[in-house]
Structure formats: C-alpha cells, structure tokens
Student: 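My questions all concern the structure below.
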Amino acid sequence: MSGAKPIQKRRLINCPISVGLLAAPRASLCYNKTMDLESEVSALPGVGEKTASTLKKAGFLTVKDLLYYLPREYENYQSAVKICDLNPGKVTIIAKVKDAKTRYGRRRNFTITEATLYDDTDSIRAVWFNQPYRAKQLETGREFLFVGSYEFKNGRYQLMSPSVNLVPEELKDAASPKAPKSAILPVYSAKTPLKSTDFSRLFKGFRPEFAKIQDLLPRTEHTPDFVKPGARKEALFKAHYATTETEANQAREYLAYEELFELILAARLNRQENQKLRAEKIPYNDQAMKNLLKSLKFALTDAQKLATWEIIKDLDKPTPMNRLLQGDVGAGKTVVAAAAALQAVQSGFQVALLAPTAVLAVQHAESLNALLGPLGVKIGLLTGATKHKTELKKQIKQGTVDLVIGTHALITDDTEFHNLALCIIDEQHRFGVNQRQKLLLKSPAERAPHLLSMTATPIPRSLQLTVFGDLEISTIKQLPKGRQPIKTKAMNSLNAQDDLYPKVREELEKGRQVYWICKNIEDVPSQETISVKKQAETLKQAFKQAKVEFLHGRMKQAQKDEIMENFASGKIDILVSTTVIEVGVNVPNASTIVIMDAENYGLAQLHQLRGRVGRGQHQSYCYLLVSGDKPPTRRLKELENSTDGFYLAEVDLKLRGPGEIYGSLQHGALDLRIASLSDTHLIAKAQKHAADVAKNPEIMLEYKELSRSIKRYQQLTTLN
Ligand code: ADP
Ligand code: MG
C-alpha cells in the first residue's frame, strides 16, 4: 500500500481539473497523512476552482500562504456587556440591527454608514466611515457581535467603526448548560476580495488538516525547548482556533521564532557563500591616502577615519567585501567612498558608483572630480542624459575611464567594464536586488567585485542582527565639527502666512536659500495637497524680491540639471520641489526647508529631506506643515525632538514595521508576517540555533521545505 500514496498526492497537485470538479469528496478519497504546504490552495478540502481563484486574486497561492495568514487580533466575546451597562472605551456587545443606511459625506468619495443597535436593555447608534458594504451586511433584525470604541462624538455617545461578526454558535444561547468552548474569536485583516468572516469560514473547514502538518525546523544542540516535535502544527492550529489568549500568544511566539530563524539562517548562508567568491586583492597604498588627505580642506573625523580603515582592510582581502557604510545625512560618507575608490584605481582597477537619481549622480561626479581629479583619477558620468554615450561606453570597456558614476544607465547590458573591482552604491535601499546584482555581474568572469553600500537611513540594531546579518557595517555617528542641530517645528498650514513667512523672509534677507517641498507636481482635484506649480506662484507673490523656481521629476534631465546648478550657485533663492531632491543634494547655503503636507511622509523620508539643510555653518530650520486643522502626528513630534537618525530609525521601525521600511523598498521582498523585530530574546535564541545549522548545512537536506524557504529569503535579502 505504501507505494500508492505518492501517486495520489501527485494527482492532487498536478491535476487542477479533477481538483476543481471533485472539491469536497476528493479530500476524503485522497487521504494523506502528511500535508505538503507548498501545494496549491486547491489541495485543501472545500477549496474548489472558484474559491481557489478568489484566493489567488487575494495573493494566496499555496496552502502555506493561507495557513500562515494569522488573525490580526482576537476578540474576547466573553466580555460582552448589555447596552445599558456600557462605559466609554473599547466595548463588546451582542445586539440586533435596524435602520442601517449609507450616505455620502461632504468630501468626495467619503461615505458614512449609520445603524441603530439594540438588545433587550437599550439601544445605541453605531457609525462606520468609508465602509459602504456595511449597510448591506447589517440586515434588520439580525444579531451580531460588535467590538468597537464607545465614544462621545457630535453631541452623543456612539459606537465608532465597530467590527461586525456573526454570533458564534456556542454563544447563541448563553444561558444553556452548554458552556462556550472558546472565549475568543479570531479577526483576520481583510484582503480584497476576502473579508475577515470569509477567512473564518474557510478555516472552519480546514481543522482536520492541521494534524498532517510536518515540522519545519531541524533540531540541533541549541534548539530551544519550545521547538519540540509537533510544535509547528500545534502552533498553527492554535493561532487559528485558539480558545484563550494565552494559547494564541504561545502560538504566535513559536511562529515568530520560525520566521526569525529563517531570516537569520538565510543571512548566515549568504555570508558563507560570499566568502567562497574570489575578488581582486587591493593592497593598501599609503602614498595615495596621504595625497588625498593632504588635498582636503578639512581633517577627517575619527568616525570617518575608522570607517575608511575598515574598508581598506576589507579591500586587501581576496574575498569580496560586503560592507554597508551608514551615516546620518551630512556625516561625510562621500569622502570615505572617495578614499576607497582611489585605492582601487591606484592598483589599476575600475570603480563604479551607482546613484539613485541623475541629480545626485551629477553632484557626485562634481565632488569626486574635485577630490580625485587632481590625483589623476579619470572620471566618467553616465546617466540617461549623457551626450556621447557610445564613446564613453567604449572608454569604459577599454579601461581608459577609472571611476564611472551613473544612474541606472550604468547597469544596462551594453555597459561593459575592463576590470571592475569595486562597486559603490549610494542610498542602496533605493535599488532592487536585481539591479544591484546586475552591477556586480559586470566584473571580469570568475571575479566578484568588492561592494560598498551607503545609506543615510540607518539600519536598526535588530535588523542588523536578522535581515542584514550578512553585512559588515561601518557607522559614522559623529557629524563634522561646527554643525549646529537643525531647529525643527511642526505647524499648521493655516497659520503659515503669519507664523512662517516672516521667518523665511528673515533668512532670505540674510542671503540664505530655501527649499519648499510639495507632494504633487500638478493639482490633483480630489486631493487637498498643494502642487509644486501652484505653490511656486503663491511664493512669487509673497516674496517679491526673491527668485523662485520649481523642480520635479517629470522635467527633462537637462532642465533639472540647470535648475539645480542655478540653485547651487545661488541664482535661485527659493526652490519649490517634489521629493526628487530628497537624497544627497548638497547646497550648504540653504538654511531653511519647508515641507508641506508633512503628515504624508514616513519618518525616514522626512529626516532625509531635513538633511538638505544644516550642511554649512549656518543655523538651519525645518518647518513641517500639517494640512487643514489636523494636529501634528506622533512622527512629526518625534522629528521635532530629535535630529538623531539612528534614534528615528528605531522609532520608525516600531511605528511602521520592517516591511514598510525595507520591504517596500526592496520591492515587497521582506514581509515579516508574524515576528516583531523588537523581540531580542527570540532573536538571540534563533541565532544560536541557526549557527548550528549553518555549520552543518547538510542537515537541511532532510528539510526540503525549509531549504526552499531559506533559498527564497537568501535571494530577497542579499545585498550582493
Ligand atoms: P553624506 O554623508 O550625507 O553623503 P557628504 O559626504 O555629502 O555627506 O558631506 C556633507 C558635507 O560635509 C560636504 O560638504 C563635505 O565636504 C563636508 N565634510 C565631509 N567630511 C567633513 C569633515 N570631516 N569636516 C568638515 N566637513 C566635512
Ligand atoms: Mg551622500
């Protein structure tokens, strides 16, 4: 009999037609004792063709995708109270509905749904914003479980945007001797087109499947106690069918551990694989370093010296460097990169510097030309706007250009190098894994280039230990001497004319320059945000003496360059711009930056924008304008109180999670489903456990699912 199982299993996975037709009965026919979590969702009982295609639309392709979609929270319905006993705050009630209606609000596309909820003691009003489907769901006379915030709003108490769930069977007759089996109810985040209740319904049908789930993690000397045989199926089961909060928490802890373990192991293996590659050894050239230092107008800070030294030591090895240079905006990373480039060029190799925007590439070309040109380094600038591209590419291929600075044009297939040995990537998080990889493949066959990534968005410690565990990191925490902290103030845009304009005028009169950041290029009728073009007009009227210009990403490259040049040379006083100037731009005479609609940006991005000022010896100012009559958000408050990018990065991680910060930037790659990276205690355990496996990777041969998952993580998080 034992030979029959694999055949049935194969039918299950590879014959979508029969799967669709047979849906439910088939599940009992093809009884498998183990379940392959990587099969398509249609392998699950009750998932026919139609459901499978709905799930696919929502992004659930495999059984694993679905089973690992954990409830967002659990509602404790045993705490339900009668309406007459309600107190303000978070409440749970079981009530019937009448008069559910949706109407449009004053703003476009804004809907308000209202209903009356009643039980045998009293009735209350409930409101939902922008959930028009509620009106249909809330059938008159039907009973639901509502969880929401009971607040005093618009002159009366009401239940604000409560969740709506069918009353669980066990609770329907609370007085019956059949005590409720479970005291909590999972709530899933909706994922279009699926609502929380759809997930609950689906999972009801899967209960027996969980028993077939196999373990994922190997056991080694340092495996923590809670990773015992069967731990995985138990955790997944309890995450979806928990009966108490303790159970739910234990389940999540195990699953978070799994996730952290995978990340950490992937990073370790990346590092090990990197160590097997060969790179050009670049011996330290003392004279070259002395020449560079002598030509500088300033002395390097201790932090810059240390970072330079760490890089030089890495270059002098036959394995490729994989180092991240992180330093707050204005910390002086460019000169460190210049020192590294000079070392490589002195040994006869080529260097490529990749920048995310043309504005930044041009600026790098200028400052590196000033630093390295006099020392004999030949520099080429390759952007979309470069005129004699073919000629330049020929020179790059022949090796007559030493240092090539460019944007994406640098990684196109027809850009070939003679002997590329060092790649420098500025603002590395702005590039996808594929783009970075393309650049690295431009070194001669059998050779991997050294990689120096730079970022002004510091990577929080917990991410360093997990996701970026394969990186060496150099940090410039200290700013060059004489910099004064930027004064930051969040204010309401309604008061801008009175509070802000005089301050701007004062700076302009002192001869300083101003950045003015707007969200959109042109007015968008449905949005309240102000556009670059309109704001430029307003400012021309308000500051008649000042020369005002605007800049945005959709302009022709030559035009952008001209405007940036005019701003840099002081011919423009106020530059109204979108966030194209966000990274790297360096105009030390600019002392003020105004950011409109500041509540729309992330903390890291605001900090970057703010870093455009405070680059010279002048006291600088950053004004964060909040639109309408909204109060400043927590993010803006944090920004007012701190200029420390490292601290702000930690706050950002807490407020938004790593997926938001690093995931989206790496093209949706890093999507931590469960783990919170603030859990240092789990991280420490997973590190020891993963180290055991990395030492003996053959353990993984028996763990196929883990191997595949790790491979995926390796590709997503690698920086080389
Ligand atoms: P970032 O780290 O943001 O890339 P830059 O490399 O653009 O910073 O440096 C910002 C400014 O500080 C530049 O004008 C640079 O010349 C200057 N600078 C760099 N290092 C020092 C130093 N040690 N002392 C004084 N000024 C410095
Ligand atoms: Mg920079």
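When a ligand or atom number is given, it counts from 1 through the structure's own listing order.
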Student: Does atom NZ of Lys540 have more than 12 heavy-atom neighbours, drawn from other residues, nucleotides or ligands, at distances under 6.0 Å?
Tutor: yes

Student: May I ask you to list the atoms of ligand 1 that are less than 4.0 angstrom from any heavy atom of Thr301?
Tutor: 23 (N)

Student: Numbering the atoms of ligand 1 from 1, which are under 4.0 Å from a heavy atom of Ala299?
Tutor: 22 (C), 23 (N), 24 (N)

Student: If we count only N and O atoms by modelled type, under 3.5 Å, do the side chains of Arg323 and Ser474 hold a donor and an acceptor together?
Tutor: yes

Student: Just jot down the ligand 1 atoms closer than 4.0 angstrom to any heavy atom of Thr334, in number order.
Tutor: 4 (O), 5 (P), 6 (O), 7 (O)

Student: At a 4.0 Å threshold, what atoms of ligand 1 neighbour a non-hydrogen atom of Asn586?
Tutor: 13 (C), 14 (O)

Student: Which atoms of ligand 1 sit under 4.0 Å from any heavy atom of Arg615?
Tutor: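 Going through ligand 1 atom by atom, the ones under 4.0 Å from Arg615 are 3 (O), 7 (O), 8 (O), 10 (C).
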
Student: Using atom types as modelled, flag every donor-acceptor pair under 3.5 Å from a side chain in residues 348-356 to any protein atom, sequence neighbours excluded.
Tutor:
residue	atom	partner	partner atom	Å
Gln350	OE1	His418	N	2.7
Gln350	OE1	Asn419	N	2.9
Gln350	NE2	Ile396	O	3.0
Gln350	NE2	Val401	O	2.9

Student: Check whether any heavy atom of Ala331 sits under 4.0 Å from an atom of ligand 1.
Tutor: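 The answer is yes: ligand 1 sits under 4.0 Å from a heavy atom of Ala331.
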
Student: Under 3.5 Å, side-chain donor or acceptor atoms of residues 564-575 against the rest of the protein: list the pairs with distances, not counting sequence neighbours.
Tutor:
residue	atom	partner	partner atom	Å
Ser569	OG	Glu565	O	3.1
Ser569	OG	Asn566	O	3.4
Asp573	OD2	Lys547	N	2.8

Student: Are Gly330 and ligand 1 in contact, using a heavy-atom cut-off of under 4.0 Å?
Tutor: yes

Student: Answer yes when Glu507 and Lys510 have at least one side-chain N-carboxylate O distance shorter than 4.0 Å, and no when they do not.
Tutor: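 Salt bridge: yes.
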
Student: Would you check the N or O atoms of Gly332, main chain and side chain alike, for any that come under 3.5 Å of an N or O of ligand 1?
Tutor: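 For ligand 1, there is an N or O atom that lies under 3.5 Å from one belonging to Gly332.
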
Student: Would you kindly specify which portion of Met454 sits under 4.0 Å from ligand 1, judged on non-hydrogen atoms: side chain, backbone, both or neither?
Tutor: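 It is neither part, as no heavy atom is under 4.0 Å.
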
Student: Can you find a side-chain donor-acceptor pair between Thr475 and Gln326 that sits under 3.5 Å?
Tutor: yes

Student: Around atom NZ of Lys378, are there more than 12 heavy atoms of other residues, nucleotides or ligands at under 6.0 Å?
Tutor: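 No, the 6.0 Å shell around NZ holds no more than 12 heavy atoms from other groups.
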
